[in-house]
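These numbers come from a predicted model, not from an experiment. Just the heavy atoms: all of them, side chains too, but no hydrogens, waters or symmetry mates, feed the values below.
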Amino acid sequence: MINPKKFVEYLSTEKIHFYCGVPDSLLKEFCFCVSDSLTNQNHMITANEGSAIALACGYYLTTKKIPLVYFQNSGMGNTINPLL
């Protein structure tokens with residue numbers, strides 16, 4: 001398994017500092033690490049996957065910085081409308 005702390009540190013070196021998504025039991029270690037590493041302004045928990053995509057798009061359009069969106073595989077269908 002990937003060490004979540006090292007993964008978040010690596011993403012930081014790639015200039016990814018904004019995270020949003022839907023927590024999941026399989027992602028709990030990653031979510032804990034992100035919550036511990038970032039402020040509430042840089043980590044937003046969303047109600048659903050579509051909201052996470054919309055928030056990330058807004059963040060990118062405002063800052064021109066790449067955000068990270070996380071969710072479980074079963075949430076992929078919920079992202080279709082915001083992506084289109």
Side-chain angles (χ1 to χ4, degrees):
M1 183 173 158
I2 296 173
N3 181 321
K5 184 173 180 159
K6 288 184 179 182
F7 185 56
V8 171
E9 289 171 358
Y10 171 76
L11 292 171
S12 179
T13 65
E14 295 295 316
K15 297 183 174 60
I16 296 176
H17 302 289
F18 183 79
Y19 296 70
C20 59
V22 182
D24 175 64
S25 61
L26 296 175
L27 295 171
K28 80 176 167 188
E29 296 301 325
F30 173 74
C31 292
F32 286 146
C33 184
V34 169
S35 293
D36 290 344
S37 301
L38 301 172
T39 65
N40 287 343
Q41 294 175 341
N42 291 340
H43 179 219
M44 302 283 181
I45 296 173
T46 60
N48 59 51
E49 294 81 0
S51 296
I53 294 291
L55 181 61
C57 288
Y59 175 82
Y60 176 77
L61 291 172
T62 302
T63 65
K64 300 300 184 217
K65 296 178 183 176
I66 298 173
L68 181 134
V69 177
Y70 62 88
F71 52 83
Q72 61 184 344
N73 292 344
S74 63
M76 185 64 84
N78 295 336
T79 67
I80 299 302
N81 285 335
L83 287 171
L84 293 177

Intermediate values then yes/no, side-chain contact (heavy atoms from CB on, under 4.5 Å), Met44 and Phe18: CA-CA 8 Å; Met44 302 283 181; Phe18 183 79; 3.8 Å; yes
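The shortest distance between side-chain heavy atoms of His43 and Ser35 falls below 4.5 Å. Counting heavy atoms from C-beta on, the side chains of Leu11 and Leu68 come closer than 4.5 Å.
Cation-pi geometry between Lys64 and Tyr60 is met: the NZ or CZ atom falls under 6.0 Å from the ring centre, inside 45° of the normal.
Between Tyr19 and Tyr70, the ring centre distance reaches or exceeds 6.0 Å.
Among all heavy-atom pairs drawn from Gln72 and Leu27, the shortest one is N-CD1, 4.5 Å. Scanning both residues, Cys20 and Ala52, for their nearest heavy atoms gives SG-O, 3.3 Å.
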If you look only at distance, which donor and acceptor atoms sit under 3.5 Å apart when one is on a side chain in residues 75-84 and the other is two or more places apart or in another chain?
unit_1: Asn78; atom_1: ND2; unit_2: Glu49; atom_2: OE1; d: 2.8
unit_1: Thr79; atom_1: OG1; unit_2: Met76; atom_2: O; d: 2.6

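Remark: the backbone N or O of Tyr10 is paired with a side-chain donor or acceptor of Thr13 at under 3.5 angstrom. Put simply, the side chain of Ser12 never gets that close to the backbone of Val8: no donor and acceptor are under 3.5 Å apart.
Residue-environment remark: CG (Leu61) exceeds the threshold of 12 foreign heavy atoms within 6.0 Å. The environment of Glu14 atom CD is dense: over 12 non-hydrogen atoms of other residues, nucleotides or ligands sit within 6.0 angstrom.
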